[in-house]
Amino acid sequence: MNIYAGKDLNSDGKTLGERVVLQLCSTIRNPDVTLAFDRFFTSVNLIDNIDFPAVGTCISTRRNMPKFRSGAKLAKGESEFLQNRNGTLATRW
């Protein structure tokens, strides 16, 4: 459990969601886990730097998010995949 007690002065450039996830991950004892996040906690920086396999939904305007085709609506059954230099995969469908 992580109780929010107000603004953290030592944020080190991380978002609140990243700090919460990293703090909670420090308590994981079994290294054989995969983490899943909702859009509040998911960021490219977090996925790139976390020590566990992870998946999450992400807002398309997040910092460092790969740029998909300019707003083109995908047809039914279509999907698009982009990968950054760290191997993080972004998908939209």
Side-chain angles (χ1 to χ4, degrees):
M1 179 183 288
N2 184 6
I3 299 172
Y4 180 69
K7 188 174 182 176
D8 184 7
L9 300 177
N10 295 325
S11 66
D12 297 329
K14 293 179 177 70
T15 65
L16 174 61
E18 291 170 359
R19 292 191 311 268
V20 168
V21 170
L22 292 172
Q23 183 177 8
L24 292 174
C25 285
S26 69
T27 65
I28 296 174
R29 294 186 179 147
N30 181 359
D32 190 26
V33 299
T34 300
L35 304 175
F37 314 115
D38 69 5
R39 65 184 184 175
F40 178 78
F41 295 97
T42 306
S43 71
V44 175
N45 186 44
L46 176 64
I47 299 293
D48 282 347
N49 296 304
I50 200 163
D51 293 333
F52 298 96
V55 62
T57 56
C58 194
I59 300 168
S60 62
T61 56
R62 285 266 189 196
R63 188 178 334 145
N64 301 324
M65 187 68 183
K67 301 297 181 218
F68 290 100
R69 287 184 280 169
S70 60
K73 190 165 185 161
L74 298 175
K76 185 175 181 179
E78 266 190 325
S79 58
E80 188 176 0
F81 299 87
L82 296 174
Q83 182 177 358
N84 70 8
R85 65 184 102 118
N86 295 323
T88 300
L89 185 66
T91 307
R92 78 176 187 138
W93 62 92

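We're numbering straight along the sequence, starting at 1.
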*Do any N or O atoms from the side chain of Asn84 and from the backbone of Asn86 form a donor-acceptor pair under 3.5 angstrom?*
yes

*Grab the two heavy atoms, one from Ala54 and one from Ile47, that are nearest each other, plus how far apart they are.*
CB-CD1, 3.7 Å

*Hey, which of Ile50, Asn45, Asn49 is the one that makes side chain to side chain contact (heavy atoms under 4.5 Å, CB included) with Glu18?*
Asn45

*If every non-hydrogen atom of Leu74 is compared with every non-hydrogen atom of Ser79, which pair is closest and at what distance?*
CD1-CA, 4.1 Å

*What residues form a side-chain hydrogen bond (donor to acceptor under 3.5 Å, both in side chains) with Asp51, not counting sequence neighbours?*
none

Name each donor-acceptor pair under 3.5 Å that joins a side chain in residues 29-39 to protein atoms two or more places apart or in another chain, with its distance.
from  : atom 1 : to    : atom 2 : distance (Å)
Asn30 : OD1    : Asp32 : N      : 3.0
Asp38 : OD1    : Phe40 : N      : 3.2

*Give the minimum heavy-atom separation between Cys58 and Arg62, together with the two atoms involved.*
SG-CG, 3.6 Å

*Would you say Arg19's side chain and Lys14's backbone share a donor-acceptor pair under 3.5 angstrom?*
yes

_ILVMFWY cluster, Phe52 and Leu24 together (side-chain gap under 4.5 Å)_ = yes

_Within one Ile-Leu-Val-Met-Phe-Trp-Tyr cluster: Phe41 and Ile28, side-chain cutoff 4.5 Å_ = yes

*For the residue pair Lys67 and Leu82, what are the closest heavy atoms and their distance?*
O-CD1, 3.2 Å

_I want to check something: taking the side chain as every heavy atom from C-beta on, are Thr42 and Val21 in contact at a cut-off of under 4.5 Å?_
no

